[in-house]
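In the text below, chain A, chain B and the rest are named by the order of the sequence lines, each starting its count at 1.
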There are 2 protein chains.
Amino acid sequence: MAKVKIIDVARAAGVSLGTVSNALNHPEKVRPETRRLIEETIRELGYTPNQSARMLAGGHNNMIGLVLPQLNHGFCLQIISGAQNEAQKHGYSLIFAVSGRDEDLEEQLLRHFMGTQLAGMLFQPIPRPAWTPRPNPTVPIVYLDAEGPDEGAFVTADNEAQGRLIAEHAASCGARRVAVIGCAHEGVLSRRVTGIRESLSTHPDIELEVLDAGEWDVSGDGFGLGQQLSRRDGAERPDFIIALSDVLATGAIAGIRAAGLSVPEDIRVAGCDGNPLAWSGAVSLTTCAPAGYEMGRKGVQLLVEMIEAEQEPQASHVRLGNRVQSPRTEDHPARRIETVRPFLLERASTRGAAATTSSAHRSPQVPETNLGAYL
Amino acid sequence: MAKVKIIDVARAAGVSLGTVSNALNHPEKVRPETRRLIEETIRELGYTPNQSARMLAGGHNNMIGLVLPQLNHGFCLQIISGAQNEAQKHGYSLIFAVSGRDEDLEEQLLRHFMGTQLAGMLFQPIPRPAWTPRPNPTVPIVYLDAEGPDEGAFVTADNEAQGRLIAEHAASCGARRVAVIGCAHEGVLSRRVTGIRESLSTHPDIELEVLDAGEWDVSGDGFGLGQQLSRRDGAERPDFIIALSDVLATGAIAGIRAAGLSVPEDIRVAGCDGNPLAWSGAVSLTTCAPAGYEMGRKGVQLLVEMIEAEQEPQASHVRLGNRVQSPRTEDHPARRIETVRPFLLERASTRGAAATTSSAHRSPQVPETNLGAYL
DNA sequence: CTGAAAGCGCTAACAC
DNA sequence: GTGTTAGCGCTTTCAG
């Protein structure tokens, strides 16, 4: 019951406290024989080092913390898996927490992780209008799927590329009139629109119409817009709808069907953000997913760089004695951004005779039949 | 850059260190006015309490740790969500880690969590032949989906009930020849088989055949078995396949279709473990989910009881002075087990004319069209 | 209510 | 190589 501590191990093994500590943290400094004895004793006594004390005393830690807004949305699971694998490759382990879109919880988790002195943190903030990175992090932080004006390290989805990819898919499906629905003026979404415009500008034969309406997370808005577009006269009616979010797309499909048309026969529909939770509609949805796995992976890479950059200068402080100078400004560029490229998930909502030509676009490593394989 | 600590806050606010500490941990002991001043100062300075120091000094912690073997399988996600919600209800937050079926990592994570002094832990061990709970945990632990002979607290799935439920469903679908695929001799899976046998023994008119083959997590194995069974002669061919895992079931469906038969028309197929990640196949899968959500929820309930039981006696030690006695043996029954009942998810892979009668079995709280709702 | 002082268990110097 | 010692930042006594 009484917790066994390092001194107990030392006494039981007949060595001194410092030796046990060394055996744990600098095994090379201890005679193999002694080390084995100590290890044996540790096992017998069931000793578990107190991490708090360890960190407090200046020890190091191979833990990377990851805070996500949710687990059941977007590419969270892929992020985790990418981060986990990359972390392991560098000798770190991952622990994580979900803020559940609760800003207080998010704050609390962040403070806990930072206070708990892990090596670094990956943090995907809850989407909010005016988000900014933390001013003075006590550990290196990499922000995922977010972007700040100030200094910091960010890994973001390439939203323009998402738009381009979907637009090109529309073109290759033989679309003549493309309608874009969703708040086209809003931050991230507007980049998707830019990508769409850019891509379709090389197809002068395709008419593009941008309806700047519909909240990205309200499928009812998509329903209304889908219905509305379906009721237009033949020549005015789009044959391809790009929704700026998958939720909107799912709504639009329902709206089109409610109006008596069918998808993809009358109108093709595509989403734009690879949100698995919007995929359960009647028609499986073509969309364009940011590579969550890549995001996690790159996040950890960035983070590890930062962690190691932070350790270097400290070491030199000690060694150089009084000739201390801080090269921090060079190690720590004010702002680092990594972009992650998306890939196309072609499914029934845009499939048709004309679509077969584009099947080469489909990403081979993402079998649509098994979401599990791509987590 | 230099980390701001409690003494900095105290000086900036013009109070003493102890007062800041009190404002943080026992707000009621500090004059509201002073408290506000301190809070303000904390915000300005961006002070983050050092959790390590805090814990070391005997502080408490509202964190519950959860270690899972994987994230992309079984009911992990539901466990998390159940645990998260229940934890929040009791004022705890959840942090978790995935061992990735790597026993060393699992051990490391456990040690970290225990060493980090969180309030308690939920732990779903990597399935292994002869698993036993940790001998001397330094924090309360509840084991999930595992069971030990010795003392400890466990929440387990009722695997026999899962088997029974699926078998009964098969019977109510009018099955005549039922084939079971999967490693029927393996631990947990064998219980499912027991349940199936038990249930079908009351239906002497139904033939049961158990093919003890196919890894539970290899959909290719299911494919092969599905194909193989499809090629049998009419009388030998089963009309209902129960796969001991959903992944296997999904593979089997693909195999059956590859062999030119259709599901559910020619052969009905059901899974057995409610694995959402196996549900994206061409035909939606009937399965029997252990209530992962319940498991997470009950786990946290148990854990919270244990945490609080552990705090009580300590408090009385202090108050009773020398009349110390340890009622631990009564608070801490050697072994506690909670069982979680499964429910049937009836979907297209077993649906047919005859199946409508059983639709009452379908769990109303789990809409099949929106996986998100039940994560 | 406030301030001073005693550790919590450990690591990383430092002498031996 | 080994043993000794000074804190790490905080909470919690205990006197004012």
Between A:N61 (CG) and C:dC10 (P), how many Å, whole number?
->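 Result: 15 Å.
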Grab the CZ-P distance between A:R11 and C:dC10 for me, whole Å please.
->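 It is 12 Å, rounded to the nearest whole Å.
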Only counting residues at least two apart or in another chain, list the ones meeting side chain to side chain contact (heavy atoms under 4.5 Å, CB included) with B:I42.
->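 Testing B:I42 for side chain to side chain contact (heavy atoms under 4.5 Å, CB included), a comparison that skips the adjacent residues, returns A:R111, B:V9, B:L24, B:I38, B:Y47.
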Among all residues two or more places apart in sequence or in another chain, which pass the ring pair (Phe, Tyr, Trp, His ring centres under 6.0 Å) test with A:F113?
->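 Once residues adjacent in sequence are excluded, A:F113 has no partner under the ring pair (Phe, Tyr, Trp, His ring centres under 6.0 Å) criterion.
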Qualifying residues under ring pair (Phe, Tyr, Trp, His ring centres under 6.0 Å), relative to B:Y92, sequence neighbours excluded =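 B:Y92 satisfies ring pair (Phe, Tyr, Trp, His ring centres under 6.0 Å) with no residue once adjacent residues are dropped.
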Can you pull the salt bridge (charged side-chain N to carboxylate O under 4.0 Å, His left out) pairs that have at least one residue in residues 14-41 of chain A, sequence neighbours excluded?
->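 For residues 14-41 of chain A: A:E40-A:R43.
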Footprint string (nucleotides 5-16 of chain D, 5' to 3'): B base within contact, S backbone only, - free, heavy atoms under 4.0 Å | --BBBBBB----
Does A:T19 make a side-chain N or O approach to OP1 or OP2 of D:dG3 shorter than 4.0 Å?
->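 Looking at the OP1 and OP2 atoms of D:dG3, one of them is under 4.0 Å from a side-chain N or O of A:T19.
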Any residue meeting side-chain hydrogen bond (donor to acceptor under 3.5 Å, both in side chains) with A:Q108, in chain and number order, not counting sequence neighbours |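 Result, side-chain hydrogen bond (donor to acceptor under 3.5 Å, both in side chains) vs A:Q108: B:S93.
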